[in-house]
Amino acid sequence: VSRYIEFCPENFNTYSIELAHLLLSAASEVDTLAKCICAILDPKAKPKNIDDYRKIIRTAEDNETYLAGPSSAIKPMILKEKDKHRLSSLKVYVPRYELEFVPWESWAKQENPDWWHSYNRVKHERNLYFREATVSNALKAVAALLTMNYAYCRYEVTKARPERRYQCRKITVTRRLSESTFVRFASNFYDNIWVELGSLSHDVDSLEGRLDED
């Protein structure tokens, strides 16, 4: 798509049938992965929609534990808020275009993302809402898919020992995933940031620095 549309804020409202395909495909995969995550976190639950997914995942984040105490009496303790690894705070970068997104940020306010609402409108009433199949919404859906893949891997590998989940984050998760060179997390999520792209690894670090300064 970037051969025809430059990925930049000035083009975020550009829409097309190809962007609609990307939005629908990515968001559909997000829906599937969210169901899989909920099945791990609450096997008895029967989530039907994004509101149910949000409730189950947020509850698991609220109650995430770590092991603490003297060696003779180690027990799970609830993480402090600053240590919780929430979907709503995961940033995704598109370094090639100096873009960054937090696709689930609205979950921190118990609300669903705008791009998700657009996905549903394009899916069910494309005759009325085709204009919402935009660059912005497609990119956010792809970014959300990366974060949901990451979360699914993290919950899957720790489902037998959830008290160890605190130790399974960032590098310990991305080692199990195929790396994307288009959408990525911060460099500290990876062993070797962009080895395959050489000097471009500097771009994401520079972008992170500028964003932190802002």
- Tell me the ring pair (Phe, Tyr, Trp, His ring centres under 6.0 Å) pairs involving residues 2-37, sequence neighbours left out? Phe7-Tyr97, Tyr15-Phe130
- Task: Check Val92, Val30, Asn112 against Trp104 for a side-chain contact (heavy atoms from CB on, under 4.5 Å) and give me the one that passes.
- Result: Val30
- Query: Measuring from His85:NE2 to Leu79:CG, what's the distance to the nearest 0.5 Å?
  - Reply: 11.0 Å
- Item | 4.5 Å side-chain heavy-atom contact, Phe185 and Leu146 | yes
- Message: Could you go through Tyr53 and Asp31, starting from their C-alpha distance and side-chain angles, then the distance that decides it, and tell me whether this counts as side-chain hydrogen bond (donor to acceptor under 3.5 Å, both in side chains)?
- Response: CA-CA 9 Å; Tyr53 307 153; Asp31 184 83; 3.1 Å; yes
- Go through the structure and list residues passing salt bridge (Lys or Arg N to Asp or Glu O under 4.0 Å) with Lys123, not counting sequence neighbours. none
- Message: Are Cys168 and Val173 packed together at the side-chain level, in the sense that at least one heavy-atom pair is separated by less than 4.5 angstrom?
- Response: yes
- Item | By salt bridge (Lys or Arg N to Asp or Glu O under 4.0 Å) - contacts of Asp51 (at least two apart) | Arg54
- How about Val122 and Asn137: do any of their side-chain heavy atoms sit closer than 4.5 Å? no
Just distance, no hydrogens or angles: give the donor-acceptor pairs under 3.5 Å from side chains in residues 38-48, sequence neighbours left out.
none

- Task: Taking salt bridge (Lys or Arg N to Asp or Glu O under 4.0 Å) as the test, write out the residues that go with Arg165, two or more places apart.
- Result: none
- Item | Which residues share a salt bridge (Lys or Arg N to Asp or Glu O under 4.0 Å) with Glu61, sequence neighbours left out | Arg86
